[in-house]
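Okay, so here's the structure we're looking at.
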Amino acid sequence: MRFSALFITLLLSCFSNFIQAQNGSHVGKEFWASFPHNSSMEIGAWFPTDTPKLSFVIYAEKQTNVILTINGTDYKREFIVPANSYIRTANMPIGVREILGNSAYNAMLYTRPSGFLNGTNSEGIFKTHGIHIVSDEQVNVVQHLYKDAASYSGTLIPVEFWGKKYKVLTPDQLINNRSADDVSYLPRFAFVNIIAHLDNTKVKFVPTDTTRSGLLPNQPIYITLNKGEVYQSLANVSNGSKFLSNDFIGSVIESVENDKGEILPIGVTVGNGSGFIKCPENNYNNGEPIYWENPLFQPLFPTLGWGYQFITTPSIYVQNRVAVMNRNVFRVMPLESSAIVKRNGVVLSNFKNGYYEFISDTPDFIESDVPAQLIQIFSSGNACSIKGNIDPAMVFITPMENGIKYTRTFKYGLNYFENQTLAITLHKNGISSLKVDGKSPVDSSFYIIDHPNIPSYSIVHKYLGYRPTQNYYLKEMWEVTCDSAFNGISYGMANGDAYLVNVGFQYKVEENSNTCFLKTIKSGNISDPGIWNENRLPQPCDSVVVLHDIIIDINVKIKAFTIENGVKVTVSPNVTGFEIGYLWRKRLMNNLLEYNAST
């Protein structure tokens, strides 16, 4: 099929009057964080050894000064982060539970139950608990909580890249409880934390379940926060439940107009104080069996950070130099319930509570015709036929179009994890330039797997097993560089413990920006970020100009498509859709395997 025009341009809406949009990412100079509710704050309360510890690992490319404060107090700690390195902060203060004496400061979002004096069920606005991190130079920050054999980690989002609308996606909140009357097992709640960076920030929170204090589901809660204040809500636990708690899946959190007409950005984190995760085939009758629990935590991506295409990679277990993929749980939440979501080209149909769920031990390709978020979930170690030790953990996966080229990311410093793995997903053309801690992926600690559902992509696993003969403390950093954009996760698994973090991301901050424009800089596959001037994949808002011969090897959804004279565009047989314009009108390829533009 030939086009007889110098330029073929397909436009369904004008893309002039561009507005400059800022690229948001996990790297920045200012962060807010919170110390959310945890079951250990209430189970055996007031004993220092039972209280979780929270700290931050801060990574920098250039040497920088960092100041950490607690909002509304004179608590202040200063750090120097060396160039190309990191520091771990001291543990956040926990008030009267401090082992070395009572602290005047307390960062925990905890109050006693409402039956006690001044008890608020750990819900409401906390005015003097927001944790503020400010750096002279660009840094990225990982929040890490640990207690005995339980921990979580999450990559924080800088305040300049917060959004104005969020939607909650987590695992179900399941808790071990042999007796409904045994209240010591009950205070393990799903939580939502909302943080403000500016005074007079007005927020609307619509919970999908009853809160711990009895606020009803699907009823808007309006909150006004000043700078550094944190609002915490906990999902109710039914006294009659043997194992199922409530959660906030599907709850909408959005900034709304304040009395000055301003709509201000907010940060949102989600998780739980503890809980277990199982697969549908796992039984749970009368409190048996007892599944392994772990607290969960992650910052939510704002809707402007959602995407259209995702590549997943399950966790691996290595035995006798053979890497075996475990079964992980995945949930995809599209922005609209009418969305078409596909897994490896097959439309998903099990939509419930605002998301699709699947369990997989293979790398998958997920695509949605509207923006979506995707969460990867590690199950309890004695569920889902897991190989090796593991504990519940969760992380939000970066969309393909939001990949990065460089990162420093978290690795736990205590050498009791039997498996610490960095999993990087990238186009095969990028493998030759990929470096992990300065080394190419060629030695026996790397496992490279071709993606079975996107042939042009690979997954590079850097595996670090338990090494008892080595120093007990490890460097708490992976450093990854590549000429091509990549996505990835870093995780660790141990007996009764796990962590799981996103290695990095980027997205355009301005939600209504129409500055999306891409052009080719060389020939290649359309799925290769390296052929595009912005080193990223085409997005639905993009007006695309093809100046070189390309192969369309994945389904494409773009705003406009221009082919220069003489350029050849070849379509792979596996491609089923080429969608142009905001109405996403689909053109099935059928047997049309090649387009040529010529005069």
Side-chain angles (χ1 to χ4, degrees), residues 21-34 55-62 64 66 68 81 84-89 131-144 152-163 166 193 195 197 265-271 297-307 310 373-376 393-411 422-426 436 476-482 485-491 499-510 529 534-536:
Q22 187 180 16
N23 282 331
S25 77
H26 64 293
V27 178
K29 294 184 177 181
E30 186 173 12
F31 302 79
W32 283 98
S34 62
S55 59
F56 300 91
V57 185
I58 304 173
Y59 303 89
E61 180 178 3
K62 300 178 181 179
T64 185
V66 177
L68 185 152
V81 185
N84 301 310
S85 190
Y86 70 95
I87 59 99
R88 178 184 281 272
T89 69
I131 302 166
H132 197 201
I133 299 171
V134 178
S135 173
D136 292 342
E137 302 288 346
Q138 298 276 332
V139 296
N140 59 291
V141 180
V142 171
Q143 178 167 326
H144 182 224
Y152 64 58
S153 300
T155 302
L156 299 183
I157 301 176
V159 296
E160 56 261 47
F161 306 133
W162 285 358
Y166 300 78
N193 283 187
I195 312 173
H197 176 55
I266 52 176
V268 179
T269 58
V270 296
F297 166 87
Q298 285 297 323
L300 275 180
F301 282 144
T303 54
L304 60 89
W306 294 17
F310 302 83
Q373 60 178 336
L374 185 148
I375 191 171
Q376 180 171 354
M394 69 177 188
V395 70
F396 290 95
I397 302 300
T398 299
M400 291 176 67
E401 57 265 35
N402 293 349
I404 57 176
K405 297 172 64 178
Y406 177 79
T407 192
R408 292 177 178 83
T409 193
F410 181 73
K411 175 176 64 182
L422 177 73
I424 297 297
T425 302
L426 75 170
V436 177
E476 294 194 286
M477 182 177 77
W478 297 110
E479 184 176 27
V480 187
T481 62
C482 189
F486 60 84
N487 304 326
I489 56 175
S490 173
Y491 58 89
Y499 69 85
L500 177 58
V501 299
N502 186 315
V503 304
F505 46 84
Q506 63 175 351
Y507 50 80
K508 289 191 180 298
V509 175
E510 178 57 54
E534 291 192 7
N535 198 32
R536 61 174 177 82

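Everything numeric in this text was worked out from a predicted model, so none of it was measured. Along the sequence shown, residues carry numbers from 1.
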Between the side chain of Ser490 and the main-chain N/O of Phe410, is any donor-acceptor distance below 3.5 Å? yes
Kindly write out the residues that satisfy ring-ring contact (aromatic ring centres under 6.0 Å, His included) with Phe486, not counting sequence neighbours, or none if the list is empty. none
Counting distance only, does the side-chain N/O of Gln143 pair as donor-acceptor with the main-chain N or O of Val57 below 3.5 Å? no
For Val81, all residues meeting side chain to side chain contact (heavy atoms under 4.5 Å, CB included), sequence neighbours excluded: Ile58, Ala60, Thr64, Val66, Ile87
Less than 4.5 Å apart, any side-chain heavy atom of Tyr499 and any of Lys411? yes
Set of salt bridge (Lys or Arg N to Asp or Glu O under 4.0 Å) partners for Glu401, sequence neighbours left out: none
Checking the side chain of Tyr59 only, and the main-chain atoms of Met477 only, is there a donor and an acceptor separated by less than 3.5 Å? no
Of the non-hydrogen atoms in Pro158 and Ser25, which two are nearest, and what is the gap between them? CD-O, 3.0 Å
Any donor-acceptor pair under 3.5 Å from Thr155 side chain to Asn502 backbone: yes
Please determine, by modelled atom types, if Asn140 and Thr407 share a side-chain donor-acceptor pair under 3.5 angstrom. no
Ala33 versus Leu156, closest heavy-atom pair with distance: CB-CD1, 4.0 Å
Please determine whether side-chain contact (heavy atoms from CB on, under 4.5 Å) holds for the pair Ile404 and His26, giving the CA-CA distance in whole Å, both sets of side-chain angles, and the decisive distance to 0.1 Å. CA-CA 10 Å; Ile404 57 176; His26 64 293; 3.9 Å; yes
Value rounded to 0.5 Å, distance of OG1 in Thr398 from CD1 in Ile489: 10.5 Å
Are any non-hydrogen side-chain atoms of Phe56 and Leu68 less than 4.5 angstrom apart? yes
Test of understanding: with ring-ring contact (aromatic ring centres under 6.0 Å, His included), list the residues that count as partners of Phe301, not counting sequence neighbours. Phe505
For the backbone of Phe161 and the side chain of Tyr507, can you confirm whether one donor and one acceptor N or O come within less than 3.5 Å of each other? yes
Residue list, side chain to side chain donor-acceptor pair (under 3.5 Å) with Glu30, at least two apart or on another chain: His132
Atom CG in Asn487, atom CG in Asn402: separation rounded to 0.5 Å? 8.0 Å
Hey, could you give me the CH2/OH distance between Trp162 and Tyr166, rounded to the nearest 0.5 Å? 7.0 Å
Just by distance, do the side chain of Gln506 and the backbone of Gly403 share a donor-acceptor pair under 3.5 Å? yes
Answer yes or no: is there a side-chain heavy-atom contact under 4.5 Å between Val480 and Val503? no
Which residues pass the salt bridge (Lys or Arg N to Asp or Glu O under 4.0 Å) test with Glu479, not counting sequence neighbours? Arg408
Rounded distance [0.5 Å steps], CD in Gln298 versus CG in Leu500: 6.5 Å
